[in-house]
Amino acid sequence: MRLSVEPSTRPADYDFTHDIRVRFVETDAMGIVHHSNYLAYFEETRVAYLSHIGHPFTEWREAGLESPVLESFVQYRQPCRFDDVLTIHLSLAAATRATFQMAYLATVDDEVRTTGVTVHGCSTLEGRPTRLPAWLAELAAR
C-alpha cells in the first residue's frame, strides 16, 4: 500500500478549489450522489489544478508521461444531493521519486461532505515506471 496521507477536513489546508454542480444523472435511487462519482469529481478537480498551475495534462502526454491512479480512498461523511454545488479542495500532499498523492475535501456551503486521497504513479506512455517531472518534484518539496 502506498497511500500514506490523511486528508484534512479544514478547507484552509488545501491549495486549490474547484466547484462542481451535482447533476441528476449522478444521483442514485435514494436521491444522493452515487459513491462512484466522487472519483470523477476528484479527477475533474485534479485536471483543473494542473491547468491552473500551468502544466495541463496534455503537456504530460506530449512529454511522453502518464499518471495512472495506483490507489484511491474515499470517506463519505455526509451525503450530497442533486443540484448541490460541491467545492472540491485539492492539495498535493506527498511525493516520492515516482509517485505522488493528492488529498481532497468536498464541501457544500462549508460543510464537510467527503474526503479522499488518490495515489498516482508516473510512467511512460508504454507503462514503464519513471521519475516525476522536475516541476512536480519541486512543487511537492515546498
Side-chain angles (χ1 to χ4, degrees), residues 1-28 30-125 127-142:
M1 180 177 209
R2 296 169 190 89
L3 194 141
S4 64
V5 171
E6 179 69 33
S8 173
T9 58
R10 293 174 13 97
D13 291 340
Y14 292 84
D15 304 320
F16 179 77
T17 62
H18 180 70
D19 289 339
I20 299 171
R21 184 175 297 277
V22 174
R23 300 177 307 160
F24 182 77
V25 71
E26 296 163 342
T27 62
D28 62 18
M30 296 179 288
I32 62 174
V33 172
H34 189 269
H35 65 274
S36 64
N37 289 301
Y38 289 92
L39 291 173
Y41 298 156
F42 295 167
E43 180 178 84
E44 180 179 330
T45 302
R46 192 168 57 249
V47 169
Y49 170 73
L50 290 171
S51 290
H52 174 76
I53 63 170
H55 295 283
F57 189 68
T58 52
E59 176 185 287
W60 289 59
R61 306 268 354 249
E62 291 166 0
L65 300 174
E66 294 281 5
S67 61
V69 175
L70 304 175
E71 295 181 46
S72 60
F73 168 79
V74 182
Q75 185 173 18
Y76 309 97
R77 296 166 179 268
Q78 293 292 323
C80 295
R81 300 182 189 290
F82 167 66
D83 214 33
D84 279 348
V85 175
L86 306 180
T87 299
I88 309 295
H89 308 261
L90 174 147
S91 183
L92 176 59
T96 66
R97 291 185 315 190
T99 67
F100 63 98
Q101 297 181 57
M102 295 284 198
Y104 308 88
L105 168 66
T107 60
V108 174
D109 297 326
D110 295 324
E111 181 181 295
V112 173
R113 299 296 179 93
T114 306
T115 56
V117 176
T118 54
V119 180
H120 302 263
C122 190
S123 69
T124 64
L125 297 178
R128 286 187 226 104
T130 190
R131 290 181 181 250
L132 296 179
W135 63 264
L136 185 58
E138 290 170 14
L139 187 61
R142 292 184 197 167

Measure the shortest side-chain to side-chain distance between [X] and [Y] over non-hydrogen atoms and say whether it is less than 4.5 angstrom.
X      : Y      : value
Tyr104 : Arg46  : yes
Gln101 : Leu3   : yes
Tyr41  : Val33  : yes
His52  : Phe16  : yes
Val112 : Gln78  : no
Arg77  : Thr114 : no

For residues 111-125, the salt bridge (Lys or Arg N to Asp or Glu O under 4.0 Å) pairs (sequence neighbours left out) are Asp84-Arg113, Glu111-Arg113
To the nearest 0.5 Å, tell me how far [X] [atom1] sits from [Y] [atom2].
X      : Y      : atom1 : atom2 : result
Leu125 : Ser123 : CG    : OG    : 7.5 Å
Ser67  : Arg61  : OG    : CZ    : 10.0 Å
Glu66  : Arg128 : CD    : CZ    : 13.0 Å
Tyr14  : Thr9   : OH    : OG1   : 7.5 Å

More than 12 foreign heavy atoms under 6.0 Å from [atom1] of [X]: is that the case here?
X     : atom1 : answer
Asp19 : CG    : yes
Arg23 : CZ    : no
Gln75 : CD    : yes
Asp83 : CG    : yes

Begin with the C-alpha distance, continue with both residues' side-chain angles, and end with the deciding distance and a verdict on side-chain contact (heavy atoms from CB on, under 4.5 Å) for Leu92 and Met102.
CA-CA 5 Å; Leu92 176 59; Met102 295 284 198; 4.1 Å; yes
Just one of Pro11, Ser91, Pro7 clears the side chain to side chain contact (heavy atoms under 4.5 Å, CB included) bar with Leu105, so which one?
Pro11
Partner of His89 under side-chain hydrogen bond (donor to acceptor under 3.5 Å, both in side chains), picked from Asp13, Thr17, Thr107, is Thr107
[X] and [Y]: which non-hydrogen atoms are nearest, and at how many Å?
X      : Y      : result
Cys80  : Val108 : SG-CG2, 4.3 Å
Ala103 : Val5   : CB-CG1, 4.1 Å
Val69  : Glu71  : CG1-O, 3.4 Å
Gly54  : Glu59  : O-OE1, 3.6 Å

Is it true that Tyr76 and Tyr38 have ring centroids separated by less than 6.0 Å?
yes
Anything under 3.5 Å between a donor and an acceptor, one on a side chain of residues 129-141, the other on a protein residue two or more places apart or in another chain? List them.
none

For Phe73, ring-ring contact (aromatic ring centres under 6.0 Å, His included) partners two or more places apart:
none
Step-by-step side-chain contact (heavy atoms from CB on, under 4.5 Å) determination, Ile20 to Thr45:
CA-CA 9 Å; Ile20 299 171; Thr45 302; 4.0 Å; yes
Do Thr27 side-chain atoms and Phe24 backbone N/O form a donor-acceptor pair below 3.5 Å?
yes
Per ring-ring contact (aromatic ring centres under 6.0 Å, His included), His120 is matched among Phe100, Phe57, Trp60 by Phe100
